[in-house]
Amino acid sequence: MEALILACADRLVQNLKKKAQGDEDIDIKRMFDPYTMDVIASTSFGLHLDAQGNPNHPFIKNAKELMEPSLHSPVILILLFFPYLMKFLKPVFVFFNVTFVRTMNFFVNILDQLEKERALNPSEKNYADLVQLLLNSHNMSIQKSELSEDEQEVGKWKKKALTRAEMAANEILFLVAGYDTTSLTLTFASYFLATHPHVQDKLRSEIDKQLQGSDPTYESVKNLGYLEQVILETLRLYPPGVRVDRVATEDVVVRGLKIPKGTTCVIPIKTIHRHPDYWPDPDKFDPERFTPDAIARRHQFAFLGFGMGPRNCIGMRLAKLEMKIALVKILQRFTIKTCDETPTEITTRKDKPNRPGKPIILKVEERSF
Ligand code: HEM
């Protein structure tokens with residue numbers, strides 16, 4: 001996927017170059033949205049959209065629809081506070097969300113089209129993306145005789161292949177989980193780099209020293225420890241996933257509070273990330289909190305930017321790679337700066353607490369070598 005991501009990052013750099021040459025103020029999220037969309041479309045759907053050059057593409061319009069449900073929607077609010085009502089509210093949700101259903105159908109149709117195209121040209125290209133993995137799994141022809149006796153039990157053997165609905169659900173989940181989260185983190189990270197020039201200088205020195213001007217790769221970004229620290233500290237202050245849920249699988253007592261088996265527990269990531277017991281001076285942006293020593297000294301659940309445990313973020317490595325490639329390519333060419341329109345502090349939206357309340361406006365300046 002490295003080459004696919006690099007191609008998207010090259011387009012990002014070209015677009016930033018135009019902004020730098022025109023000395024323009026930049027609503028920075030508007031630059032990162034199409035970048036992360038291009039990455040997800042190419043790595044998950046096998047589609048080369050160029051969202052950065054073609055913002056009105058129907059794929060982008062439909063993907064944005066998916067992100068729209070907000071905390072102002074009464075159905076979403078009820079589900080957030082009473083998740084166990086999902087099974088009763090599902091039909092209501094579908095009934096009142098015609099646009100949502102139409103959007104879902106759009107993505108199901110894309111899968112159908114891709115399947116047809118690939119069936120017609122099976123050897124044309126070596127398809128190595130999520131769609132192909134899903135198609136392979138869907139098409140897996142399972143002979144009952146190939147399975148062990150245990151697997152042949154009714155209901156069990158069928159689970160080996162994905163149904164069409166499961167394929168579509170997985171594609172849509174990757175899109176919803178992977179597009180805005182990554183774009184938001186890049187947006188906040190750019191803000192912090194612009195408002196903390198000493199951090200930006202330190203990061204640029206690391207990049208220049210390690211990569212000597214060459215393109216970042218999956219292997220080379222692993223040596224950029226300070227870049228990892230900057231990303232983790234950004235995620236601590238502004239985690240795109242503000243909370244996760246877990247269901248207790250057994251009766252348990254946590255600090256004197258009895259949690260019966262089956263209880264849905266809400267884990268408030270954003271609040272934990274600013275808890276002064278774990279994070280002294282919690283509102284301060286300080287990447288030094290994530291040196292290997294500092295991490296080892298802290299409770300491992302104090303940082304939950306990508307969740308934790310067997311159901312943590314499956315896209316973490318892809319997200320980190322695409323964020324690192326973008327930031328490296330940007331800092332190799334530009335200095336990120338504040339301008340008159342840059343907010344003095346970040347506020348977040350009440351209905352979508354992971355998003356900035358006001359656009360984050362910045363400038364980029366081409367580096368002189
Ligand atoms: C900065 C970027 C990202 C952040 C901060 C993030 C954060 C998270 C968090 C907090 C969870 C919940 C984990 C838990 O319950 O323990 C999650 C789950 C998930 N994420 Fe991400 N994510 C990011 C990018 C991505 C990307 C790029 C993809 C896919 C392309 C992705 C796919 C998923 C999926 C499929 C799940 C559900 C996993 C499961 O339930 O087993 N995420 N993510």
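These numbers come from the heavy atoms of this one structure, side chains and all, not from hydrogens, waters or symmetry mates. Source: prediction; values computed, not measured.
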(message) Donor-acceptor check, side chain of S214 to backbone of L211, threshold 3.5 angstrom: yes or no?
(response) yes
(request) Considering non-hydrogen atoms only, spot the tightest contact between T348 and Y238 and give its length. (result) CG2-CE2, 3.9 Å
(message) Is there a path of hydrophobic side-chain contacts, each under 4.5 Å between heavy atoms of I/L/V/M/F/W/Y residues, joining L12 to L6?
(response) yes
(message) Quick check against the 3.5 Å criterion: does S205 have a side-chain atom that pairs as donor or acceptor with the backbone of D201?
(response) yes
(request) May I have the step-by-step check of side chain to side chain contact (heavy atoms under 4.5 Å, CB included) for I26 and L16, ending in yes or no? (result) CA-CA 9 Å; I26 309 167; L16 285 173; 4.0 Å; yes
(message) Below 30° counts as parallel, above 60° as perpendicular, anything between as tilted: where do the rings of Y35 and F32 land?
(response) perpendicular
(message) Any non-hydrogen side-chain atom of R204 less than 4.5 Å from a side-chain atom of Q332?
(response) no
(request) Supply the atom-to-atom distance T43 OG1 to L321 CG, rounded to the nearest 0.5 angstrom. (result) 10.0 Å
(request) Output all residues satisfying ring pair (Phe, Tyr, Trp, His ring centres under 6.0 Å) with Y218, sequence neighbours left out; order by chain, then residue number. (result) none
(message) Please check this pair: side chain of D27 against backbone of I361, looking for a donor-acceptor N/O pair closer than 3.5 Å.
(response) no
(message) How close do P260 and A248 get, counting heavy atoms only, and between which atoms?
(response) O-CB, 3.8 Å
(request) Treating Ile, Leu, Val, Met, Phe, Trp and Tyr as nodes and any side-chain heavy-atom pair under 4.5 angstrom as an edge, say whether I5 and V13 lie in one connected cluster. (result) yes
(request) Check H273 against L304 and note the closest heavy-atom contact, atom names and distance. (result) NE2-N, 2.7 Å
(request) Check for a donor-acceptor pair, side chain of R367 on one end and backbone N or O of L331 on the other, with a separation under 3.5 Å. (result) yes
(message) Taking the six-membered ring for Trp, are F174 and F45 closer than 6.0 Å centroid to centroid?
(response) no
(request) Group every Ile, Leu, Val, Met, Phe, Trp and Tyr by side-chain heavy-atom contacts under 4.5 Å, then state whether F285 and I295 land in the same group. (result) yes
(message) I'd like to know if the side chain of Q14 pairs up with that of D10 as donor and acceptor (distance under 3.5 Å, no hydrogens or angles considered).
(response) no
(request) Apply side chain to side chain contact (heavy atoms under 4.5 Å, CB included) to the pair Q200 and T335, showing each step before the final yes or no. (result) CA-CA 8 Å; Q200 186 173 166; T335 304; 3.6 Å; yes
(request) Find the distance between CG (L134) and CG (L130) and round it off to the nearest 0.5 Å. (result) 4.5 Å
(message) With side chain to side chain contact (heavy atoms under 4.5 Å, CB included) as the test, pick out the partner of Q210 among L227, L224, V221.
(response) L224
(message) Check whether E341 reaches the backbone of L362 with its side chain - one donor and one acceptor, N or O, closer than 3.5 Å.
(response) no
(request) Answer yes or no: is there a donor N or O on one side and an acceptor on the other, between the side chain of E365 and the main chain of F334, under 3.5 Å? (result) no
(request) Taking N354 for its side chain and P240 for its backbone only, find out whether a donor-acceptor pair lies under 3.5 Å. (result) yes
(message) What's the separation between atom CE in M1 and atom CG in L318, rounded to the nearest 0.5 Å?
(response) 6.0 Å
(request) Report the C-alpha separation of F290 and F303 in whole Å, then their side-chain angles, then the decisive distance to 0.1 Å, and conclude whether the ring pair (Phe, Tyr, Trp, His ring centres under 6.0 Å) test is met. (result) CA-CA 10 Å; F290 286 95; F303 176 76; 5.3 Å; yes
Run the side-chain donor-acceptor check on residues 184-198: report pairs under 3.5 Å with partners two or more places apart or on a different chain.
residue	atom	partner	partner atom	Å
T185	OG1	T181	O	2.8
T187	OG1	S183	O	2.8
S190	OG	L186	O	2.8
Y191	OH	P343	O	2.9
Y191	OH	T344	O	3.2
T195	OG1	Y191	O	2.8
T195	OG1	F192	O	3.4
H196	ND1	F192	O	3.0

(message) Under 4.5 Å between side-chain heavy atoms, counting indirect links through other Ile/Leu/Val/Met/Phe/Trp/Tyr residues: same cluster for I172 and L47 or not?
(response) yes
(request) Rounded to the nearest 0.5 Å, what's the gap from CG on L111 to CZ on F106? Could you check? (result) 11.0 Å
(request) Using salt bridge (Lys or Arg N to Asp or Glu O under 4.0 Å) as the criterion, point out the one residue from K363, K19, K17 that pairs with E24. (result) K19
(message) When you compare the side chain of R118 with that of V131, does any pair of heavy atoms fall below 4.5 Å?
(response) yes
(request) List the steps and the verdict of side chain to side chain contact (heavy atoms under 4.5 Å, CB included) for D112 and I110. (result) CA-CA 5 Å; D112 288 347; I110 285 199; over 6 Å; no
(request) For the pair E288 and K202, find out whether any cationic side-chain nitrogen is under 4.0 Å from an anionic carboxylate oxygen. (result) yes
(request) Provide the full list of salt bridge (charged side-chain N to carboxylate O under 4.0 Å, His left out) pairs with a residue in residues 211-233, sequence neighbours left out, each pair given once. (result) D215-K329, E219-K222, E228-K320, E228-K324, E233-R236, E233-R289
(request) Could you tell me whether the side chain of S42 and the main chain of H48 form a donor-acceptor pair under 3.5 Å? (result) no
(request) Measure the shortest side-chain to side-chain distance between N56 and K61 over non-hydrogen atoms and say whether it is less than 4.5 angstrom. (result) no
(message) Let me confirm one number: the CG-CZ distance from N54 to F59, rounded to the nearest 0.5 Å.
(response) 12.5 Å
(request) Flag yes if I231 and M316 sit in one hydrophobic cluster, no otherwise; membership is Ile, Leu, Val, Met, Phe, Trp, Tyr, and two members link when side-chain heavy atoms are under 4.5 Å apart. (result) yes
(request) Would you mind reporting whether P287 and V199 have side-chain heavy atoms less than 4.5 Å apart? (result) yes
(request) Kindly give the heavy-atom pair with the smallest separation between A63 and L175, and that separation in Å. (result) CB-CD2, 3.8 Å
(message) Just verifying a value: how many Å separate D33 CG and D180 CG, rounded to the nearest 0.5 Å?
(response) 6.0 Å
(message) Counting C-beta onward and ignoring hydrogens, is there a side-chain heavy-atom pair between R333 and E366 closer than 4.5 Å?
(response) yes
(request) Evaluate the side chain to side chain donor-acceptor pair (under 3.5 Å) criterion for residues Q212 and D208: first the C-alpha distance (whole Å), next the side-chain angles of each, then the deciding distance (0.1 Å), finally the verdict. (result) CA-CA 5 Å; Q212 310 272 337; D208 288 351; over 6 Å; no
(request) Tell me, with the steps shown, if V364 and K337 meet side chain to side chain contact (heavy atoms under 4.5 Å, CB included). (result) CA-CA 6 Å; V364 289; K337 300 209 149 188; over 6 Å; no
(message) I need the minimum non-hydrogen distance between Y179 and T36, along with the two atoms involved.
(response) O-OG1, 3.2 Å
(message) Restricting to non-hydrogen atoms, name the atom on E206 and the atom on Y226 that form the minimum distance, rounded to 0.1 Å.
(response) OE2-N, 2.8 Å
(message) Can a donor-acceptor pair be found, under 3.5 Å and without considering hydrogens, that links the side chain of D38 to the backbone of A51?
(response) yes
